[in-house]
A.B. asks: 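Provided herewith is a single structure, encoded as C-alpha cells, for subsequent inquiry.
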Amino acid sequence: MKHPIFTYGQAVLRKQSVPVEPIDETTKQLIADMFETMYNAGGVGLAAPQIGKAIRLFVIDTEPFTEQYPETEIKKMAFINPKMLEEFGDDFVYSEGCLSLPGINEDVTRKSQIRIQYQDESGTLKEELFSGMVARVIQHEYDHLEGRVFTDHLSSLKKMILKRKLSDIASGKVKTTYKVK
Ligand code: ZN
C-alpha cells in the first residue's frame with residue numbers, strides 16, 4: 001500500500017524517532033509499503049517519518065545511481081533501529097533532493113564513509129561500512145530519524161534564499177507526481 005508523503009512543515013519531520021519494537025510481520029509489511037511508496041515517487045530512499053511515523057526505520061535502493069555513477073553498489077535494504085557509529089573520510093559534496101522537499105536541490109557536504117549498526121528484517125544486529133553514494137543516501141535518511149532535513153546543513157545565507165520555497169511547501173503550494181500530506 002502506498003502512503004502519502006509528509007512534506008516540509010509537518011511536525012513529524014522534526015521529531016526524534018523512537019525504536020521499532022518488536023520487529024514483526026507488521027514491520028515487514030510497513031517496509032514493503034515504504035519501498036512501494038518510494039518507487040512510486042521516484043526516490044532512492046525513504047524514512048518512516050516521511051510517511052508520518054516517527055520510528056527508527058528507513059529503506060534505500062541505490063540502483064538509479066548506477067547510470068550516472070557506474071561504480072555505485074546496488075543496495076536495496078531496510079535499516080531498522082540504525083545507530084550511526086562513525087562518519088569519516090574525505091568531505092564529499094553532492095546536490096541532494098528529498099521527497100519531503102519537492103523542487104529543492106542543493107549541494108550538501110558530508111563525509112564520504114560511514115560505519116553504521118542496524119537490525120535487518122529478521123531482527124539480526126549488523127554492523128557495516130558504506131561509502132560513496134550508498135553512504136550519502138544512508139546519511140540523508142538517518143537525518144530524518146533525528147528530526148533533520150538536508151536543508152538544515154546549508155549556510156544561513158542559502159537557507160534565507162530558500163525561505164520562500166520552503167514556506168510554499170509548508171503551505172501546500174507545491175506540485176508533485178505523488179500524493180503528499
Ligand atoms: Zn529526505
Side-chain angles (χ1 to χ4, degrees), residues 3-20 34 37-38 41-62 64-65 69 75 77-118 130-176 178-181:
H3 291 258
I5 293 177
F6 285 58
T7 51
Y8 186 86
Q10 294 278 348
V12 68
L13 293 177
R14 290 307 189 184
K15 278 191 184 156
Q16 173 75 34
S17 291
V18 300
V20 177
M34 285 174 65
T37 303
M38 179 184 85
V44 291
L46 186 74
Q50 295 182 275
I51 56 162
K53 297 175 192 299
I55 57 171
R56 300 189 70 78
L57 165 66
F58 62 80
V59 299
I60 67 164
D61 187 343
T62 57
F65 285 123
Y69 305 94
K75 293 284 184 188
M77 298 172 68
F79 292 78
I80 307 169
N81 299 326
K83 189 178 173 201
M84 192 67 79
L85 301 174
E86 209 183 340
E87 293 175 89
F88 60 103
D90 298 334
D91 282 345
F92 166 41
V93 182
Y94 182 77
S95 177
E96 293 190 20
C98 179
L99 296 176
S100 295
L101 283 79
I104 297 182
N105 288 278
E106 292 292 337
D107 280 352
V108 179
T109 306
R110 299 186 193 263
K111 293 292 179 192
S112 58
Q113 298 182 67
I114 61 163
R115 192 161 60 87
I116 191 169
Q117 188 185 73
Y118 65 95
F130 295 98
S131 60
M133 293 312 300
V134 182
R136 169 65 55 148
V137 176
I138 294 171
Q139 287 163 317
H140 176 115
E141 299 312 325
Y142 190 87
D143 268 356
H144 281 301
L145 307 187
E146 302 295 314
R148 292 190 294 262
V149 293
F150 79 89
T151 50
D152 297 346
H153 294 279
L154 304 176
S155 68
S156 29
L157 177 65
K158 261 278 157 64
K159 278 184 206 152
M160 217 169 70
I161 295 167
L162 286 175
K163 216 173 169 183
R164 177 65 181 274
K165 270 189 177 177
L166 289 170
S167 69
D168 279 352
I169 296 172
S171 57
K173 278 183 261 168
V174 66
K175 274 209 167 74
T176 51
Y178 47 91
K179 232 181 170 182
V180 296
K181 197 160 180 169

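The first residue in the sequence is number 1, and the count goes up from there. For the numbers below, each heavy atom of this structure counts, side chains included, while hydrogens, waters and symmetry mates do not.
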A.B. asks: When rounded to the nearest 0.5 angstrom, what is the spacing between NE2 in His144 and CD in Gln139?
C.D. replies: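 With rounding to 0.5 Å, NE2 (His144) is 13.0 Å from CD (Gln139).
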
A.B. asks: Would Glu87 and Gln113 count as having a side-chain donor-acceptor pair, cut-off 3.5 Å?
C.D. replies: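 Result is no, nothing qualifies.
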
A.B. asks: To the closest 0.5 Å, what do you measure between OG (Ser131) and CG (Asp90)?
C.D. replies: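 Rounded to the nearest 0.5 Å, the OG-CG separation comes out at 11.0 Å.
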
A.B. asks: Within a strict 4.5 Å, meaning less than it, do heavy atoms of the Thr62 and Met133 side chains meet?
C.D. replies: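 Thr62 does not reach Met133 side chain to side chain.
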
A.B. asks: Should the pair Phe58 and Tyr142 be assigned to parallel (<30°), tilted (30 to 60°) or perpendicular (>60°) ring geometry?
C.D. replies: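 Perpendicular.
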
A.B. asks: Nearest 0.5 Å, please: how far is OG1 in Thr109 from CG in Leu154?
C.D. replies: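 Between atom CG of Leu154 and atom OG1 of Thr109 there are 9.0 Å.
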
A.B. asks: Quick one: pull up CE in Met84 and CD1 in Ile138 and give me the separation to the nearest 0.5 Å.
C.D. replies: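 Going from the CE atom of Met84 to the CD1 atom of Ile138 covers 7.0 Å.
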
A.B. asks: Is there side-chain contact between Lys15 and Pro49, with heavy atoms separated by less than 4.5 Å?
C.D. replies: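 No. Closest side-chain heavy atoms not under 4.5 Å.
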
A.B. asks: Checking Met77 against Phe130 for the side chain to side chain contact (heavy atoms under 4.5 Å, CB included) test, could you report, in this order, the C-alpha distance in whole Å, the side-chain angles of both residues, the deciding distance, and whether it holds?
C.D. replies: CA-CA 12 Å; Met77 298 172 68; Phe130 295 98; 3.9 Å; yes

A.B. asks: Is it true that a side-chain atom of Ser112 and a backbone atom of Gly89 form a donor plus acceptor pair closer than 3.5 Å?
C.D. replies: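 Side chain of Ser112 to backbone of Gly89, a donor-acceptor pair under 3.5 Å: no, none is there.
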
A.B. asks: Within a strict 4.5 Å, meaning less than it, do heavy atoms of the Leu166 and Leu101 side chains meet?
C.D. replies: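 Heavy-atom side-chain distance check passes, below 4.5 Å.
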
A.B. asks: Write down the atom of Thr7, the atom of Pro102, and the distance for their closest heavy-atom approach.
C.D. replies: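 Closest approach of Thr7 to Pro102, heavy atoms only: CG2-CD, 4.1 Å.
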
A.B. asks: With rounding to the nearest 0.5 Å, note down the distance linking CD in Gln117 to CD in Glu86.
C.D. replies: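 Between Gln117 CD and Glu86 CD, I get 13.0 Å after rounding to 0.5 Å.
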
A.B. asks: Please confirm whether the backbone N or O of Val149 pairs with a side-chain atom of Asp152, one donor and one acceptor, at under 3.5 Å?
C.D. replies: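 Yes: the side chain of Asp152 pairs with the backbone of Val149.
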
A.B. asks: Answer whether the closest heavy-atom distance between the side chains of Lys173 and Lys165 falls below 4.5 Å.
C.D. replies: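 No, side chains not in contact.
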
A.B. asks: I'd like to know if the side chain of Ser100 and the backbone of Tyr8 have a donor-acceptor N/O pair within less than 3.5 Å.
C.D. replies: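 Pair absent, no side-chain N/O of Ser100 close to backbone of Tyr8.
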
A.B. asks: Hey, are the side chains of Phe150 and Ile104 touching, using non-hydrogen atoms and a 4.5 Å cut-off?
C.D. replies: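 Yes, close enough: below the 4.5 Å cut-off.
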
A.B. asks: Looking at Lys158, I'd like to know if its NZ atom is crowded, meaning that more than 12 non-hydrogen atoms belonging to other residues, nucleotides or ligands lie closer than 6.0 Å.
C.D. replies: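 At most 12 heavy atoms, drawn from other residues, nucleotides or ligands, come within 6.0 Å of this atom.
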
A.B. asks: Can you find a pair of side-chain heavy atoms, one from Leu145 and one from Pro82, that are under 4.5 Å apart?
C.D. replies: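 Counting from C-beta outward, Leu145 and Pro82 do come under 4.5 Å.
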
A.B. asks: Do the charged groups of Glu96 and Arg136 touch, with an N to O distance under 4.0 Å?
C.D. replies: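 Yes, Glu96 and Arg136 are salt-bridged.
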
A.B. asks: Under 4.0 Å between a Lys/Arg side-chain N and an Asp/Glu carboxylate O for Arg110 and Asp91?
C.D. replies: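 Result for this pair is no, no salt bridge flagged.
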
A.B. asks: Does Asn81 reach the main-chain N or O of Pro19 with its side chain, forming a donor-acceptor pair under 3.5 Å?
C.D. replies: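 No, because the side chain of Asn81 does not come within donor-acceptor range (under 3.5 Å) of the backbone of Pro19.
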
A.B. asks: If every non-hydrogen atom of Val108 is compared with every non-hydrogen atom of His153, which pair is closest and at what distance?
C.D. replies: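 For Val108 and His153, the tightest heavy-atom pair comes out as CG1-CB, 3.8 Å.
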
A.B. asks: For the backbone of Leu99 and the side chain of Tyr178, can you confirm whether one donor and one acceptor N or O come within less than 3.5 Å of each other?
C.D. replies: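 At least one qualifying donor-acceptor pair exists.
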
A.B. asks: Which atoms form the tightest heavy-atom contact between Arg14 and Arg148, and what is the distance?
C.D. replies: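 Closest approach of Arg14 to Arg148, heavy atoms only: NH1-CA, 3.7 Å.
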
A.B. asks: Does the side chain of Phe79 reach to within under 4.5 Å of the side chain of Ile60, using non-hydrogen atoms?
C.D. replies: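 Contact flag for Phe79/Ile60 side chains = yes.
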
A.B. asks: Do the non-hydrogen side-chain atoms of Val180 and Pro4 ever get within less than 4.5 Å of each other?
C.D. replies: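 Not touching, per the 4.5 Å side-chain cut-off.
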
A.B. asks: Out of curiosity, Ile116 CD1 to Leu85 CG, how far, rounded to the nearest 0.5 Å?
C.D. replies: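 Answer rounded to 0.5 Å: 7.5 Å.
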
A.B. asks: Flag yes if more than 12 heavy atoms outside Lys111 fall under 6.0 Å of its NZ atom; otherwise flag no.
C.D. replies: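 It does: Lys111 NZ has more than 12 such atoms within range.
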
A.B. asks: Taking side-chain contact (heavy atoms from CB on, under 4.5 Å) as the criterion, tell me which of Glu141, Lys181, His3, Met34 meets it with Gln50.
C.D. replies: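 Answer to the side-chain contact (heavy atoms from CB on, under 4.5 Å) test with Gln50 among Glu141, Lys181, His3, Met34: Glu141.
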
